[in-house]
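In what follows, a single structure is set out as structure tokens and then discussed.
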There are 2 protein chains.
Amino acid sequence: MRITSSIEYATRLMVTLAAEHGKAPVPAERLAETDNVPADYVSQILVKLRRAGLVTSHLGSSGGYSLSRTPCKITIEQVVRAVDGAVFEEVCERYDDGAKDCRHQGQCAISPVWTRLGEIVTRYFESVTLAAILEQKAGSCGASPAWLEKLAPGK
Amino acid sequence: MRITSSIEYATRLMVTLAAEHGKAPVPAERLAETDNVPADYVSQILVKLRRAGLVTSHLGSSGGYSLSRTPCKITIEQVVRAVDGAVFEEVCERYDDGAKDCRHQGQCAISPVWTRLGEIVTRYFESVTLAAILEQKAGSCGASPAWLEKLAPGK
DNA sequence: ATCATTCCTGACCTTTTTAGTCAAGAATGA
DNA sequence: TCATTCTTGACTAAAAAGGTCAGGAATGAT
């Protein structure tokens with residue numbers, strides 16, 4: 001299981017745009033340099049982010065991209081969904097030719113394990129906003145943000 | 001993000017073996033049929049599970065595979081690690097040519113997000129045992145097992 | 001108006017990973 | 001002794017990830 005380059009890159013771009021929020025739009029080319037992302041790839045990712053309504057594009061000279069809303073209102077969940085389509089893919093029926101003899105139906109107890117995992121991951125991603133990441137970066141708030149707090153129960 | 005076929009298949013095999021725990025070893029071919037996994041693929045997966053010490057093989061006629069310990073002591077985390085090598089791969093440096101100009105070092109605030117996710121996923125997998133899945137399957141205990149309980153805090 | 005800037009679209013390519021197959025061989029128990 | 005069952009490792013095919021490219025259209029600056 002791993003974080004794809006699209007997700008990593010998209011997150012970098014969004015964090016950078018968050019830092020520039022309120023200022024002038026940032027051209028894709030500058031984002032590519034700043035965030036160390038291949039120039040032709042960055043455009044593709046930005047298109048997805050735009051279609052998802054997370055960023056706004058401005059044509060013409062001194063154009064570029066900017067966040068379409070405040071960094072507080074944008075979560076990693078939204079970023080991941082924008083570039084990958086879904087945070088967690090359904091497992092059911094993927095590994096069973098059609099649905100015949102599917103181990104995931106009726107009495108199967110395995111699929112709930114994956115479904116639950118998807119919920120947990122989604123829940124976590126929803127709890128992390130661009131603003132929180134930025135805050136962490138600036139080191140402006142001493143204490144760790146909520147999403148970095150220790151897990152509650154057992155070891 | 002998704003569950004690979006290896007993980008899904010390995011889990012099916014382990015659950016089936018858990019159900020047969022204490023009885024005679026189960027041949028790979030029978031596992032393939034029972035769990036609807038390609039026959040030649042099942043052996044490969046079982047080899048990994050054996051090398052990880054999760055199952056024991058018995059040669060000769062009436063041989064086969066059996067769990068190497070009680071289903072209570074085997075977690076999904078162990079199964080995933082056995083077939084995929086790691087539950088969650090490090091993100092750092094994967095997307096930065098070498099380490100030069102790496103966004104993941106020093107002041108970068110993104111990598112902790114992924115690291116934390118890895119911890120959460122690992123923690124979850126560690127909480128799910130084969131015994132728990134089996135119990136759920138049998139419907140023997142009315143209430144949901146711990147790992148299916150509602151998440152604690154906010155919506 | 002013109003023109004450099006910047007985004008838009010979609011096709012294309014390469015590499016890596018996933019998923020699955022195959023065959024020869026060695027150990028074991030009946 | 002021999003059918004059964006695992007062992008090993010190489011091999012292949014398909015899908016996904018990762019990245020490139022080119023032609024075009026919109027916009028703002030001058």
Side-chain angles (χ1 to χ4, degrees), chain A residues 1-13 17 24-33 35-52 54-66 68 80 83-86 88-89 91 93-97, chain B residues 1-13 17 20 24-52 54-66 68 80 83-86 88-89 91 93-97:
Chain A
M1 205 172 291
R2 90 177 156 209
I3 297 300
T4 63
S5 68
S6 298
I7 294 178
E8 165 70 16
Y9 291 161
T11 305
R12 290 185 198 175
L13 300 176
L17 288 176
V26 185
E29 190 172 7
R30 185 145 79 72
L31 283 172
E33 288 161 14
D35 289 329
N36 197 25
V37 177
D40 290 308
Y41 200 19
V42 93
S43 314
Q44 286 215 9
I45 294 169
L46 285 165
V47 163
K48 289 184 179 175
L49 293 171
R50 177 176 56 75
R51 286 182 181 150
L54 300 181
V55 303
T56 308
S57 61
H58 309 270
L59 288 189
S61 52
S62 79
Y65 291 89
S66 50
S68 59
V80 171
V83 296
D84 268 20
F88 224 92
E89 194 177 305
V91 176
E93 312 214 353
R94 183 180 170 92
Y95 303 119
D96 287 281
D97 10 290
Chain B
M1 205 172 291
R2 106 180 106 154
I3 297 299
T4 62
S5 68
S6 298
I7 294 178
E8 165 69 18
Y9 292 161
T11 306
R12 289 185 198 174
L13 300 176
L17 288 175
E20 301 279 318
V26 185
E29 190 172 5
R30 186 145 78 74
L31 284 172
E33 289 161 14
T34 305
D35 289 329
N36 197 25
V37 177
D40 289 309
Y41 200 18
V42 92
S43 313
Q44 286 214 9
I45 294 169
L46 286 165
V47 163
K48 288 183 181 176
L49 293 171
R50 178 175 57 76
R51 287 181 181 152
L54 300 180
V55 304
T56 308
S57 61
H58 310 269
L59 288 190
S61 52
S62 78
Y65 291 89
S66 51
S68 59
V80 171
V83 295
D84 268 19
F88 223 92
E89 193 178 307
V91 175
E93 311 214 352
R94 183 179 170 92
Y95 302 119
D96 287 281
D97 12 290

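We name chains A, B, ... by the order of the sequence lines, and we start the count at 1 in each one. Both backbone and side-chain heavy atoms feed into the values below; hydrogens, waters and symmetry mates do not.
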Original post:
Does A:Y9 put a side-chain nitrogen or oxygen below 4.0 Å from OP1 or OP2 of D:dG19?
Top reply: yes
Subject >> Separation of D:dC6 P from B:L31 CG (nearest whole Å) >> reply: 8 Å
**OP:** Check whether any side-chain heavy atom of A:I3 lies under 4.5 Å from a side-chain heavy atom of B:M1, and answer yes or no.
**Re:** yes
Original post:
Would one find a side-chain N or O of B:S61 under 4.0 angstrom from OP1 or OP2 of C:dT28?
Top reply: no
Subject >> Between P of D:dG9 and CD of B:Q44, the distance in whole Å >> reply: 12 Å
**OP:** Flag the pair B:E8 / B:T11 as yes when at least one side-chain heavy-atom distance between them is below 4.5 Å, and no otherwise.
**Re:** no
Original post:
With nearest nucleotides of DNA chain C determined for A:G63 and B:E89 from heavy-atom distances, which residue corresponds to the more 5′ nucleotide?
Top reply: A:G63
**OP:** Classify the side chain of A:E29 and the base of C:dT5 as holding, or not holding, a donor-acceptor pair under 3.5 Å.
**Re:** no
Original post:
Would you say a side-chain N or O of A:Y65 is under 4.0 Å from OP1 or OP2 of C:dC8?
Top reply: yes
Subject >> Whole-Å distance separating the CG atom of A:L59 from the C1' atom of D:dA29 >> reply: 14 Å
**OP:** By nearest nucleotide on DNA chain C, pick out whichever of B:D40 and A:G64 is the more 5' one.
**Re:** A:G64
**OP:** Could you pull out the closest heavy-atom pair between A:L46 and A:V55, with the gap in Å?
**Re:** O-CG2, 4.0 Å
Subject >> Sub-4.5 Å side-chain heavy-atom contact between B:Y65 and B:S57 >> reply: yes
**OP:** Mind calculating the distance between CD1 (A:I7) and P (D:dG19) to the nearest angstrom?
**Re:** 14 Å
Subject >> Nearest-angstrom distance from the residue atom CD1 of A:I45 to P of D:dA17 >> reply: 13 Å
Original post:
Roughly, in whole Å, what's the span from CG in A:L46 to P in C:dC7?
Top reply: 8 Å
**OP:** First locate atom CZ of B:R12, then atom OG of B:S5, and finally report the distance between them rounded to the nearest 0.5 Å.
**Re:** 9.5 Å
Subject >> B:T4 side-chain N/O to C:dT17 phosphate OP1/OP2 under 4.0 Å >> reply: no
**OP:** Look at A:R51 and C:dT9 and indicate whether a side-chain polar atom (N or O) is within less than 4.0 Å of OP1 or OP2.
**Re:** yes
Subject >> B:R50 side-chain N/O to D:dT8 phosphate OP1/OP2 under 4.0 Å >> reply: yes
Subject >> Side-chain heavy-atom pair B:I45, B:V83 within 4.5 angstrom cut-off >> reply: yes
Subject >> Integer-rounded Å distance: C:dC13 C1' and A:Y41 OH >> reply: 13 Å
Original post:
Among D:dT20, C:dC7, D:dG28, which is the nearest nucleotide to the side chain of A:S62?
Top reply: D:dG28
Original post:
On DNA chain D, nearest-nucleotide positions of B:G60 versus A:S5: which is more 5'?
Top reply: B:G60
Original post:
If only side-chain N and O atoms of B:S57 are considered, is one of them under 4.0 Å from the OP1 or OP2 phosphate oxygen of D:dT7?
Top reply: yes
**OP:** Measure from CG on A:L49 to P on C:dC7 and round the result to the nearest Å.
**Re:** 13 Å
**OP:** Give one of base, sugar-phosphate or nothing for A:A28, where a contact means two heavy atoms less than 4.0 Å apart.
**Re:** sugar-phosphate
